[in-house]
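Worth knowing before you read on, the calculation uses all heavy atoms, side chains too, and leaves out hydrogens, waters and symmetry mates. Quick note on labels: first sequence line is chain A, next is B, and so on, each numbered from 1.
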Amino acid sequence: MSHALHEPILDWYSANNRDLPWRTPDASAWAVVVSEFMLQQTPVARVLPAYTAWLERWPTPAALAADEPGEAVRMWGRLGYPRRALRLHGAATAMVDRHDGEVPREHADLLALPGVGEYTAAAIASFAFGQRHIVLDTNVRRVIGRAIDGVEYPPQATTPAERRTATTLLPATAETASTWAVAIMELGALVCTAKSPKCVGCPIAALCAWRLAGKPAYTGPPRRGQTYAGTDRQVRGRLLAVLRDSAEPVDQAALDAVWDEPVQRARALDGLVADGLVEPLAAGVYRLPAGPLSDSTSSPRRSDSSESASNSVSPSR
DNA sequence: AACACGTGGAT
DNA sequence: TATCCAAGTGT
């Protein structure tokens, strides 16, 4: 089944798509996985250098899985949401354990990987393996919301109605469907942007329900503003930066220096430990997580009863 | 289902 | 300067 939006968007994409490294024919499925993790809530421009460095160091899932999760967190640098680094490491480990070191092709198997949700599973299946899936990210949802539903912004969470619409739009063949998925996403990223959509030059401007209706302002519930200054997130970020930048375990004093409010500081550190991003080594000494692998290959750790700090170091599942 | 979760560029 | 927002996921 063909749709009036297909040709203009596919033609626009073939003429205007960006040359991104994870889209080149020689990009491995693993490279696509790495790109998708990094691109979650993070702009392309910031991902580019991190992506290249990451794949240079860990060209395969097995290479990453063989290293400590803490090294993944360190390599993640300032990309933000460092739990993604831990989950990517966990996904690589799962690929080694369950999929012969390969990126699984089945959508259900992808979805079972840590850090892979509805969007990312569909994106990997579509972009890396050329399968036919609806790929609903924030860009696609915005384009559909405007062009089809005539609203400036989509609902907060993906709705069954959005999935139905996306399914209706999905071209019949896998090859065209996978191109369509990246094409409509690219349109949202470059033209149908959130703030100042470039309707002049939009290939579907003549068909866009929102534009045709006079671009009515958003009327839904207030969209969540992200405060940051003064939050636990900021404190966590500072604490983790200290750990990242130190080759050695750090002691309490170094961590205490990043935030003056002790209760919030302690809560943030506890949170990092609970999330598996930080590992208590001994009383008042912390490091990035070594994971189960390093025990046998590097400096052995004592496991007597001298540690008093309560901690549950479990790689997030 | 509402929230927590980082970071920095753009407006 | 303050706010918005960028290829979401897990709980």
Side-chain angles (χ1 to χ4, degrees), chain A residues 17-18 20-23 31-51 73 76-88 90-91 110-128 133-143 152-160 178 181-190 192-197 218 221-244 258 264 267-268 270-272 274-278 314-317:
Chain A
N17 71 81
R18 290 169 291 181
L20 300 173
W22 45 85
R23 288 182 186 163
V32 173
V33 169
V34 170
S35 76
E36 290 302 335
F37 270 77
M38 290 185 169
L39 287 164
Q40 291 170 2
Q41 300 283 285
T42 305
V44 166
R46 203 178 318 159
V47 164
L48 251 12
Y51 166 89
V73 174
W76 200 254
R78 305 190 66 80
L79 269 187
Y81 290 148
R83 295 194 283 202
R84 292 181 291 166
L86 227 39
R87 290 173 181 155
L88 182 51
L110 290 165
L111 199 53
L113 299 171
V116 176
E118 176 184 356
Y119 160 75
T120 303
I124 295 168
S126 182
F127 303 155
H133 293 279
I134 58 170
V135 181
L136 277 176
D137 79 322
T138 188
N139 293 303
V140 176
R141 296 181 60 224
R142 190 172 53 246
V143 172
E152 184 175 20
Y153 299 117
Q156 295 224 190
T158 304
T159 64
S178 61
V182 69
I184 189 172
M185 189 179 309
E186 188 79 336
L187 184 66
L190 297 184
C192 194
T193 53
K195 202 175 262 179
S196 304
Y218 175 75
R223 306 154 80 218
R224 304 184 42 69
Q226 314 165 315
T227 54
Y228 183 65
T231 62
D232 286 7
R233 274 152 85 173
Q234 183 180 27
V235 185
R236 288 167 57 108
R238 288 192 183 182
L239 290 170
L240 204 57
V242 172
L243 277 296
R244 259 198 328 259
V258 308
Q264 187 180 25
R267 184 175 63 232
D270 283 352
L272 288 170
D275 289 347
L277 283 163
V278 173
S314 57
S316 59
R317 297 295 289 179

Run the side-chain contact (heavy atoms from CB on, under 4.5 Å) test on A:T231 and A:Q234 for me, step by step, so that the C-alpha distance in whole Å, both residues' side-chain angles and the decisive distance to 0.1 Å come before the verdict.
CA-CA 5 Å; A:T231 62; A:Q234 183 180 27; 4.1 Å; yes
A:T120: which residues meet the side chain to side chain donor-acceptor pair (under 3.5 Å) condition with it, sequence neighbours left out?
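So A:T120 forms a side chain to side chain donor-acceptor pair (under 3.5 Å) with A:Q40.
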By the 4.0 Å heavy-atom rule, please label [X] as base, sugar-phosphate, or nothing.
X: A:G117; result: sugar-phosphate
X: A:T42; result: base
X: A:R18; result: base
X: A:Q156; result: nothing
X: A:W22; result: base
X: A:V140; result: nothing
X: A:I124; result: nothing
X: A:A123; result: nothing
X: A:R233; result: base
X: A:L240; result: nothing
X: A:R23; result: base

Please state how far atom [atom1] in [X] lies from atom [atom2] in [N], giving the value in whole angstrom units.
X: A:F37; N: C:dA7; atom1: CZ; atom2: P; answer: 18 Å
X: A:L39; N: C:dT9; atom1: CG; atom2: P; answer: 12 Å
X: A:L110; N: C:dA7; atom1: CG; atom2: C1'; answer: 16 Å
X: A:R46; N: C:dC5; atom1: CZ; atom2: P; answer: 16 Å
X: A:R141; N: C:dA7; atom1: CZ; atom2: P; answer: 12 Å
X: A:L113; N: C:dT9; atom1: CG; atom2: C1'; answer: 13 Å
X: A:E118; N: C:dG10; atom1: CD; atom2: P; answer: 12 Å
X: A:D137; N: C:dT9; atom1: CG; atom2: C1'; answer: 14 Å

Inter-residue atom distance [X].[atom1] - [Y].[atom2], 0.5 Å rounding:
X: A:R236; Y: A:L277; atom1: CZ; atom2: CG; answer: 6.0 Å
X: A:R87; Y: A:L113; atom1: CZ; atom2: CG; answer: 12.5 Å
X: A:L39; Y: A:R46; atom1: CG; atom2: CZ; answer: 11.0 Å
X: A:D275; Y: A:D270; atom1: CG; atom2: CG; answer: 10.5 Å

First and last nucleotide of DNA chain B, 5' to 3', lying under 4.0 Å from heavy atoms of chain A
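Listed 5' to 3', the contact boundaries are B:dC3 to B:dG8.
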Distance test, side-chain N/O of [X] to OP1/OP2 of [N], below 4.0 Å:
X: A:Y153; N: C:dC5; value: yes
X: A:R223; N: C:dC5; value: yes
X: A:Q40; N: C:dA7; value: no
X: A:T120; N: C:dT9; value: yes

Here's a test for you: under side chain to side chain contact (heavy atoms under 4.5 Å, CB included), which of A:V182, A:V47, A:V44 qualifies with A:L20?
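When A:V182, A:V47, A:V44 are each tested with A:L20, the side chain to side chain contact (heavy atoms under 4.5 Å, CB included) holds only for A:V44.
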Any side-chain heavy atom of A:C192 within less than 4.5 Å of one from A:N139?
no
A:L88 and A:V33, any side-chain heavy atoms less than 4.5 Å apart:
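Result yes, sub-4.5 Å side-chain heavy-atom pair found.
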Residues A:T158, A:Y119; criterion side-chain contact (heavy atoms from CB on, under 4.5 Å); working and verdict
CA-CA 10 Å; A:T158 304; A:Y119 160 75; over 6 Å; no
Most 5' of A:R78 and A:D232 on DNA chain B, judged by nearest nucleotide
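Closer to the 5' end of DNA chain B: A:D232.
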Using the rule given for side-chain contact (heavy atoms from CB on, under 4.5 Å), can you reason through A:V278 versus A:L239, listing the C-alpha separation, both sets of side-chain angles and the distance that settles it, and then say yes or no?
CA-CA 9 Å; A:V278 173; A:L239 290 170; over 6 Å; no
Could you tell me how far C:dA7 sits from B:dT11 if I compare only their P atoms? Round to whole Å.
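Rounded to whole Å, the distance is 14 Å.
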When you compare C:dG10 with B:dG8, how far apart are their P atoms, in angstrom units rounded to a whole number?
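About 24 Å, rounded to a whole number of Å.
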Which dot-bracket string describes DNA chain C (Watson-Crick N1-N3 plus N6-O4 or O6-N4, or G-U N1-O2 and O6-N3, all under 3.5 Å; [ ] crossing; | other strand)?
.|||||.||||
